[in-house]
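Report on the structure given below.
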2 protein chains.
Amino acid sequence: MINLKVKSLERSPSLPEEIVASLTGALHKGELRPGDRLPSETALANEFGVARTVVREAISQLKYDGVVQSRVGVGAFIAQPQERTAFRISPACFQKRRELLKLLRLRNGVVIEVAADAAVARSNRDIVRMEAILKQMREAISDRERGAERHFEAERQLIHTIAKVADNEHALNFIMLIDGQIAEKLRSVAVKNTKATELATVAIEEQARLVEAIKRGDPAAARDKAREHYDNAAQRLADRADLADV
Amino acid sequence: MINLKVKSLERSPSLPEEIVASLTGALHKGELRPGDRLPSETALANEFGVARTVVREAISQLKYDGVVQSRVGVGAFIAQPQERTAFRISPACFQKRRELLKLLRLRNGVVIEVAADAAVARSNRDIVRMEAILKQMREAISDRERGAERHFEAERQLIHTIAKVADNEHALNFIMLIDGQIAEKLRSVAVKNTKATELATVAIEEQARLVEAIKRGDPAAARDKAREHYDNAAQRLADRADLADV
DNA sequence: ACTATCAGGTTGTCAGACAGGTTGCCGACA
DNA sequence: TGTCGGCAACCTGTCTGACAACCTGATAGT
């Protein structure tokens, strides 16, 4: 009777997490608006039936994002939207096809910019590294077992390399955030794509053209090729049947 | 003796904030690496000379970002970079010219994408709204007193409108995050620009061309015009003398 | 009418406690 | 010697109560 944690993946949310979700939900539904004062910590503790320490942990998370600000002796208030200090995405967005496409549009905008920068800043060693990654992609095609996984990983490596070549750490962080969440979601659903290999071949050639443009040191071409590949890749991803239609 | 809170702006950081800063600093310097186990909460409390609740609030913030993960009975661990769930920027980045330019490149990549989307999704009412914002910009020029401020606000409005037209809430959030932080920094330094009005005139015409492209429903042109304006604006901002050179 | 004072509420921090969970050691047993 | 069971130590998550610093609004006194 080996249950090997099918259940443990859907980990039970902690108490502070639930309170954060409740508060952000109220904020999103408009029940809580910028400038409003939150109930006092003791009041919230009573309302949720938890200790004040739990409420404090929840509020401290919201403060960390600049969603609420608190003043000693007065209370905690919902901050103005422009006061936010972090960008974060609800995991639910990665399930809905429309939302996923919008997120990918964001990501691709960033990727395209750094691709152009990379075309300016690239060194010979960078080119060697990128071409090695392309080679890994090509090899992954013939791996019937873990080919998709290896290809996915190589794509990730290529973007990371491009961002590093462009010397833009923030872009790398941003791209990794979105890619990480997408990968998380893809892992949790069945990863089956009948036309995988032929799509992969197309994708690799697109990326090869991108690397070529970077190698030539042509920012405009790099932009074009990056747009071509990553917009296509976004569409291919969104076309997958395992995403909910909304 | 009216001191009107010159000091209170540089608010003293709270204890949990300091611990977060210390831990993220250690992470950034490589003293703490993904997979490492953090000292236990009591150990950290002793080390920092604070109560465990303070340490817990700090760690709860890091958990919220997916920077650390904790397991009952075991401890707290530094998560893998791809496990992050939030994008956040150190305020220091907005002071250094190089970093600021990189952040603006990010932002502009996103803006350019949504501008193209807006050119597809725009309605007549959207156009009216955008042209009204352009008009406000032109009027702001003759306001010698608060002209710069009004112009800045109108620019912000235009971007927000474009993002809303493109129906991309995430892009709006992302742009607002970066703009908000930049505005925060600009407010704290002297805002003086001798050539302000002539630069503003140029900027307004750039944006007018962008709105025109959106009005025509031409995504490619919208992209070009958006790139032209926002790249120029980034350069103009970075040219300001009140930024540290690094 | 104006001002000084004060009581009550609120956040920030501290100290201690306990439940539930995990790890690793250590001894019993085969 | 090798294996297994149990136990002690430790860790996180939560709860409780307390106190200092602070702000607000009412109250009382002038």
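Note on naming: letters A, B, ... go to the chains in the order of the sequence lines (proteins, then strands), and numbering restarts at 1 for each one. Below, each value reflects all heavy atoms present in this structure, side chains not excepted, and no hydrogens, waters or symmetry copies. It should be emphasised that the depicted structure is a prediction, and the values quoted were computed from it without experimental measurement.
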Between the protein and nucleotides 11-15 of chain C, list the N/O to N/O atom pairs that are separated by less than 3.5 angstrom.
{"unit_1": "dT11(C)", "atom_1": "OP2", "unit_2": "Glu41(A)", "atom_2": "N", "d": "3.1"}
{"unit_1": "dG12(C)", "atom_1": "OP1", "unit_2": "Lys63(A)", "atom_2": "NZ", "d": "3.4"}
{"unit_1": "dG12(C)", "atom_1": "OP1", "unit_2": "Ser70(A)", "atom_2": "OG", "d": "3.0"}
{"unit_1": "dG12(C)", "atom_1": "OP2", "unit_2": "Arg56(A)", "atom_2": "NH1", "d": "3.1"}
{"unit_1": "dG12(C)", "atom_1": "OP2", "unit_2": "Lys63(A)", "atom_2": "NZ", "d": "3.3"}
{"unit_1": "dG12(C)", "atom_1": "O6", "unit_2": "Arg52(A)", "atom_2": "NH2", "d": "2.8"}
{"unit_1": "dT13(C)", "atom_1": "OP1", "unit_2": "Leu15(B)", "atom_2": "N", "d": "3.2"}
{"unit_1": "dT13(C)", "atom_1": "O4", "unit_2": "Arg52(A)", "atom_2": "NH2", "d": "3.0"}
{"unit_1": "dC14(C)", "atom_1": "OP2", "unit_2": "Ala51(B)", "atom_2": "N", "d": "2.8"}

Discussion item. Checking Glu57(B) against Gln61(B): is there a side-chain donor and acceptor pair closer than 3.5 Å?
Written reply: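 Checked: Gln61(B)/Glu57(B) side chains show no N/O donor-acceptor pair below 3.5 Å.
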Practice prompt. State whether a side-chain donor-acceptor pair under 3.5 Å links His170(B) with Glu99(A).
Written response: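 Yes, because at least one side-chain N or O of His170(B) sits under 3.5 Å from a partner of the opposite role on Glu99(A).
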Starting from [atom2] on [N], measure out to [atom1] on [X] and report it in whole angstrom.
X	N	atom1	atom2	value
Tyr64(B)	dG13(D)	OH	P	17 Å
Glu18(A)	dG13(D)	CD	P	14 Å
Leu44(A)	dG9(C)	CG	P	17 Å
Glu17(A)	dT14(D)	CD	C1'	15 Å

Taking only Lys NZ, Arg NE, NH1 and NH2, and the carboxylate oxygens of Asp or Glu, determine whether [X] and [Y] approach each other closer than 4.0 Å.
X	Y	answer
Asp65(B)	Arg88(A)	yes
Lys164(A)	Asp126(A)	no
Arg156(A)	Asp179(A)	no

Worksheet item: Should Arg52(A) and Glu41(A) be marked as a salt bridge (charged side-chain N to carboxylate O under 4.0 Å, His left out) after you check the CA-CA gap, both sets of side-chain angles, and the distance that decides it?
Response: CA-CA 6 Å; Arg52(A) 190 159 81 98; Glu41(A) 293 174 354; 2.4 Å; yes
Discussion item. Rounding to 10°, can you tell me the angle the first-five-pair axis of the helix from dA1(C)-dT30(D) to dA30(C)-dT1(D) makes with its last-five-pair axis?
Written reply: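 It comes to 20° between the two terminal axes.
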Worksheet item: Has Arg71(B) got more than 12 heavy atoms of other residues, nucleotides or ligands less than 6.0 Å from its CZ?
Response: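 For Arg71(B), atom CZ is not crowded (no more than 12 foreign heavy atoms under 6.0 Å).
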Worksheet item: Given Lys63(A) and Gln69(A), is the side-chain contact (heavy atoms from CB on, under 4.5 Å) satisfied, shown in steps?
Response: CA-CA 6 Å; Lys63(A) 280 195 292 191; Gln69(A) 289 175 344; over 6 Å; no
